[in-house]
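Reminder, nothing fancy here: chain letters follow the sequence lines and each chain counts from 1.
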Protein chains: 2
Amino acid sequence: MKTSTLQDVARVANVSTATVSRTLSNPVVVSESTRRRVADAVKATGYRINHAARNLRTQRAHSVLVLLPDLANPFFSAILEGISRVLARQGYSMLIASTQHVHDSGERLIDYLDDARADGMIVLDGGLETDVVEMLSAASHTERILFACEWVEDANFPSVRCQNRTGTRIAVNHLYGLGHTKIAHITGPIDNVLGQTRKEAFVEELADLGLELKPEWIMTGDFTLAAGCLAAQEWIAMNDRPTAVFCASDQLAMGFIAELSRHDFKVPDHVSVMGFDDIDLAEQFIPPLTSIRQDRMMIGETAAKMLLARIVTPNEENLERATVLPVSLVIRESTSPP
Amino acid sequence: MKTSTLQDVARVANVSTATVSRTLSNPVVVSESTRRRVADAVKATGYRINHAARNLRTQRAHSVLVLLPDLANPFFSAILEGISRVLARQGYSMLIASTQHVHDSGERLIDYLDDARADGMIVLDGGLETDVVEMLSAASHTERILFACEWVEDANFPSVRCQNRTGTRIAVNHLYGLGHTKIAHITGPIDNVLGQTRKEAFVEELADLGLELKPEWIMTGDFTLAAGCLAAQEWIAMNDRPTAVFCASDQLAMGFIAELSRHDFKVPDHVSVMGFDDIDLAEQFIPPLTSIRQDRMMIGETAAKMLLARIVTPNEENLERATVLPVSLVIRESTSPP
DNA sequence: ACAAAATATGTAATCGATTACAAATGTATC
DNA sequence: GATACATTTGTAATCGATTACATATTTTGT
């Protein structure tokens, strides 16, 4: 069964293709009677719009590209869910690519925008190589590129993110409030904006509270479980062990706790540990993880809405640069008084 | 800067658009000299192919739709990575949609195929409603629909999956080999093929080994952490507690262990626990989880390759129905002799 | 009742790449 | 040197929806 076209519908409804097209995309301009006739014809023929044709004519792809550093990272899934939800509602599709592959295959990111495969781009990777960022900045439709979660410090792209500084301060204050004065930090990747921002906020807040901070109490990690394990070994080897550790991600915290437990240290008895993100598993971890919650679904939804607004009505006042979403403290059992 | 078209390239290279098109898609049919001239012109104009135009003319979308039940489930990410890798290599894009949204928005799945948005479909959800499955079966291009991981028993779609039965038997034998004779099972969702298949294989293997199986030793779950917790409560309440539990997923196992530990039962001291899948976290869990490993990346790659073969050369002998990929036993610390 | 304005519909060009077919050019064979 | 054959290139139709513009129809105001 071949799919039917606008022509077929027009023939059955006994009108021109122009009328059918109008009926479908802008019903108010056609009369009640033709509207009904066309609707019947559409049903009778089983008409489905051909996206390729529409896209060619309208110069729109009706899809958005989402770029992630690593598809296998569960952190992104809820964000994707949020993006997908908003896009689907507007009849847009969601394309996915990983920055890794794009790099490997020598494909240029900007091609997606240039070759009419996507109308816009949501980038979840702040760690893009400098030359890639320059390429994006020089593109013809920079206003259709938007960063979420992460961002690039030097470039001037709009972004959606959570309160990283505030979240960090809340975390430190939670530990301080429990009575901890020797607080350590396991950072994210040192070349990552999130890692940087959280680390800076950590240092500032400790200073504000007048707490001591030995250099070795800042352990460089990279958001992964493995890095958390390594940091645990560092902690174990310390003479003057901090009584609390704020980790830049939940995965770090889990790796840290896992390694500690292999060496018979208990959390929070020997050390309080906090994460950041509040991923699904944080609640089920042993012990359940105290964390800074960011609403990833909402980050995704917000990013998609902002981007669509920019695509559909570019000249409006919806050209705001950054949206910062709130975080909240989720207290569970991995933190306690020292 | 407006993007340039084939026409522009043709003008600069002083040839017809036909020649440019041929040079790009089938270089061997043009002479060495024009090939060079066109290549230069492409570079000079910064030409990028317009996908919408190509797709319209060739009646191909050059993209594949991947359908998942739930984007927020980390289990799928490695599979997506595998799919994406293969597709990108062939110049195909990956569209993502969740069966949930599609259902909510009243959109018909088959539309993606019919309206030229996607050339094929990889479905990672065996739990599609009956009417949806019927709709898919009645579609015009059923040969371009392929299931991965899960599948639908009644329908006749090709699929890629792991050795679910063999994996289950290996698991049971591992526990039996350690000396366990009272082995329980926490199933996946009862209406899910994977849950069903693993449960059946479990029952069969216990029968083959001549082991007792009390009805209550089969606890119905649904692959989630929460279900694992509930099962733990059942286990605790039993008079005659099994000494080993085989869980249909790692998440189940983690939830089970987490809840047990809240009630001061230790794994594997009080009970040995196994999972299925070997997700990333299994290794870092406390205790590290013994599991049946399936190579999710390879499942994704295999699915993508099979689908592309069917799309590109449909009449070939690449119409095999099912590919079953091997699993392996990964022994860690959650299992021990009773 | 008639002009002006508003509404509804049709005609045909257009988006940009592909490809069947025709035409031109070059090469081999006797 | 003529013919058949292979190679290379060009012409123009085509994919299916959208939309500027023209035209037909109805409504409104006086």
Side-chain angles (χ1 to χ4, degrees), chain A residues 2-39 41-42 45-63 91 111 113-119 140 312, chain B residues 2-39 41-42 45-63 91 111 113-119 140 312:
Chain A
K2 219 173 141 294
T3 56
S4 46
T5 72
L6 255 199
Q7 300 256 20
D8 301 325
V9 179
R11 197 176 316 115
V12 171
N14 204 30
V15 293
S16 72
T17 61
T19 301
V20 177
S21 178
R22 277 188 290 252
T23 310
L24 264 29
S25 59
N26 193 14
V28 296
V29 304
V30 304
S31 72
E32 173 63 28
S33 69
T34 30
R35 207 180 309 159
R36 231 193 337 266
R37 226 139 31 93
V38 169
V42 164
T45 54
Y47 170 74
R48 294 271 95 214
I49 195 173
N50 181 313
H51 274 65
R54 200 236 307 250
N55 291 349
L56 173 60
R57 180 59 228 235
T58 59
Q59 307 283 42
R60 282 276 166 78
H62 292 275
S63 67
D111 288 355
L113 258 42
D114 276 352
D115 68 14
R117 258 184 301 175
D119 297 324
S140 44
V312 176
Chain B
K2 222 175 136 294
T3 56
S4 46
T5 71
L6 255 199
Q7 300 256 20
D8 301 325
V9 179
R11 198 176 317 116
V12 172
N14 203 29
V15 293
S16 71
T17 60
T19 301
V20 178
S21 177
R22 276 188 289 253
T23 310
L24 264 28
S25 58
N26 194 14
V28 297
V29 304
V30 304
S31 73
E32 173 64 27
S33 68
T34 31
R35 208 180 309 160
R36 230 192 340 264
R37 226 140 31 94
V38 170
V42 165
T45 54
Y47 170 74
R48 294 271 97 212
I49 194 172
N50 181 311
H51 274 64
R54 199 233 313 244
N55 291 348
L56 172 60
R57 180 59 228 235
T58 60
Q59 308 282 43
R60 282 275 167 78
H62 292 277
S63 68
D111 288 354
L113 257 43
D114 275 352
D115 69 15
R117 260 184 299 175
D119 296 325
S140 43
V312 177

If I take atom [atom1] from residue [X] and atom [atom2] from residue [Y], how far apart are they, to the nearest 0.5 angstrom?
X	Y	atom1	atom2	answer
B:N50	B:R57	CG	CZ	15.0 Å
A:R37	A:S31	CZ	OG	7.5 Å
B:R11	B:S16	CZ	OG	13.0 Å
A:T19	A:L6	OG1	CG	10.5 Å

Which part of the nucleic acid, if any, lies within contact of [X], taking any heavy atom under 4.0 Å across all strands shown: a base, the sugar-phosphate backbone alone, or nothing?
X	answer
B:V15	sugar-phosphate
A:T34	sugar-phosphate
A:L24	nothing

Would you mind reading off the distance between [X] atom [atom1] and [N] atom [atom2], rounded to a whole angstrom?
X	N	atom1	atom2	result
B:D8	C:dC15	CG	C1'	13 Å
A:N26	C:dT9	CG	C1'	14 Å
B:N55	C:dC15	CG	C1'	14 Å
B:R117	D:dG16	CZ	C1'	16 Å
B:L6	D:dG10	CG	P	13 Å
B:R54	D:dC15	CZ	P	19 Å
A:R22	C:dG10	CZ	C1'	7 Å
A:D115	C:dC15	CG	P	19 Å

Nearest to the side chain of [X], heavy atoms from C-beta on, is which of [options]?
X	options	answer
A:R57	D:dC15, D:dG16, C:dT9	D:dG16
B:L56	D:dT9, D:dA17, D:dG16	D:dG16
A:A53	C:dT9, C:dT19, D:dG16	D:dG16

Does the side chain of [X] get closer than 4.0 angstrom to OP1 or OP2 of [N] through an N or O atom?
X	N	answer
B:Y47	C:dA17	yes
B:T17	D:dG10	no
B:Q59	C:dT18	no
B:S21	C:dT19	no
A:S16	C:dG10	yes
B:S31	D:dT8	no

Before giving the answer on side chain to side chain contact (heavy atoms under 4.5 Å, CB included), spell out for B:R22 and B:V30 the whole-Å C-alpha distance, their side-chain angles and the decisive distance to 0.1 Å. CA-CA 7 Å; B:R22 276 188 289 253; B:V30 304; 4.2 Å; yes

